Asks: 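Next up is a structure, given as structure tokens.
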Amino acid sequence: MSERPYVIDEMISAKAIAARIEELSNAIQEEFRDTNKLVVVGLLRGSFVFIADLVRELDLPVEVDFLEASSYGDSMESSREVRILKDLRGQIEGRDVLVVEDIVDTGHTLKHVVGLLESRDPARLRTIALLDKPLRRETDVAANWIGFSIPDEFVVGYGIDYAQRNRNLPFIGKVRFPEV
Ligand code: IMP
């Protein structure tokens, strides 16, 4: 945990997130309405709140699985080297897969995960991210659906942490270090 004091300024309200998830779920339902073999894959740990709200808006037969990839550790910088810390429990060959990410930042995590899952021959693979920071992109990856495009700010809340804290905030907030 950082010793440096910081404050959190609200950026996206809980209400705005809920409204956007309703819109996104309609688009996802449209895409997957012909299937009964959808697996929704949450990338731990940051997507756990988003995936919980998203799947409850989906009126489709879905299974849920999780995958954990290493990213920031406790720092504010991406490690760029992606490692799989926890793999899926189920098989995805021939299945329809929706990967749920909290934030696409440099894009290394999503690119790596998509490459890995594509190698397992799913019937169809789509991706959704709650937040997108296009200014930070270092790869050519893009999610199929994005909740909100945000500036290059470090954010927390709604499942997203800074040094493992603040995941329980109901809104997305920007971390700010006041001048001392
Ligand atoms: P990427 O590989 O650089 O795209 O990083 C993706 C992961 O980094 C996300 O899934 C988050 O876990 C983490 N991350 C990126 N930006 C932030 C942020 O602003 N706050 C907290 N975690 C972040």
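Computed from heavy atoms alone, side chains included, the values below leave out hydrogens, waters and symmetry copies. Each ligand, and each atom within it, is numbered from 1 in the order the structure gives. Just so it is clear, the structure is predicted and the values come from calculations on it, not from any experiment.
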Asks: Identify, by atom number and element, the atoms of ligand 1 in contact range of E153, meaning under 4.0 Å from any of its heavy atoms.
Replies: 19 (O)

Asks: Would you indicate which of L43, D102, V82 comes nearest to atom 9 (C) of ligand 1 when only heavy atoms are counted?
Replies: D102

Asks: For R136, state whether at least one heavy atom is located under 4.0 Å from any atom of ligand 1.
Replies: no

Asks: For residues N144 and T127, is any side-chain donor paired with an opposing acceptor at under 3.5 Å?
Replies: yes

Asks: Would you please name every residue forming a side chain to side chain contact (heavy atoms under 4.5 Å, CB included) with P170, sequence neighbours left out?
Replies: A14

Asks: Is V155 in polar range of ligand 1, meaning some N or O pair under 3.5 Å apart?
Replies: yes

Asks: Which atoms of ligand 1 have any heavy atom of T109 under 4.0 Å away?
Replies: 1 (P), 2 (O), 5 (O), 6 (C)

Asks: Could you tell me which atoms of ligand 1, counted from 1 in the order shown, lie closer than 4.0 angstrom to a heavy atom of I160?
Replies: 20 (N), 21 (C), 22 (N)

Asks: Using non-hydrogen atoms of the residue, decide whether I103 is closer than 4.0 angstrom to ligand 1.
Replies: yes

Asks: Could R136 and D105 be called an ion pair, given the rule that one side-chain N must be under 4.0 Å from one carboxylate O?
Replies: yes

Asks: Answer yes when R167 and D161 have at least one side-chain N-carboxylate O distance shorter than 4.0 Å, and no when they do not.
Replies: yes

Asks: So, is the end of the R4 side chain (NZ or CZ) under 6.0 Å from the ring centre of F177 and within 45° of the ring's axis?
Replies: yes

Asks: What I want to know is whether G107 and ligand 1 share at least one N or O pair that is separated by under 3.5 angstrom.
Replies: yes

Asks: Looking at R137 and D132, is there a salt bridge between them, counting it only when a charged N and a carboxylate O are closer than 4.0 Å?
Replies: yes

Asks: For K133, take its heavy atoms, then give the atoms of ligand 1 lying under 4.0 Å from any of them.
Replies: 16 (N), 17 (C), 18 (C), 19 (O)

Asks: Taking side chain to side chain contact (heavy atoms under 4.5 Å, CB included) as the test, write out the residues that go with L88, two or more places apart.
Replies: V41, D65, L67, I92, L117, R120

Asks: Is there a heavy atom in D161 that sits closer than 4.0 Å to ligand 1?
Replies: yes

Asks: Distance from R124 atom CZ to F32 atom CZ, nearest 0.5 Å?
Replies: 5.0 Å

Asks: What do you reckon, does H112 put a non-hydrogen atom under 4.0 Å from ligand 1?
Replies: no

Asks: Below 4.0 Å, non-hydrogen atoms only: which portion of E101 touches ligand 1? Side chain, backbone, both or neither.
Replies: side chain

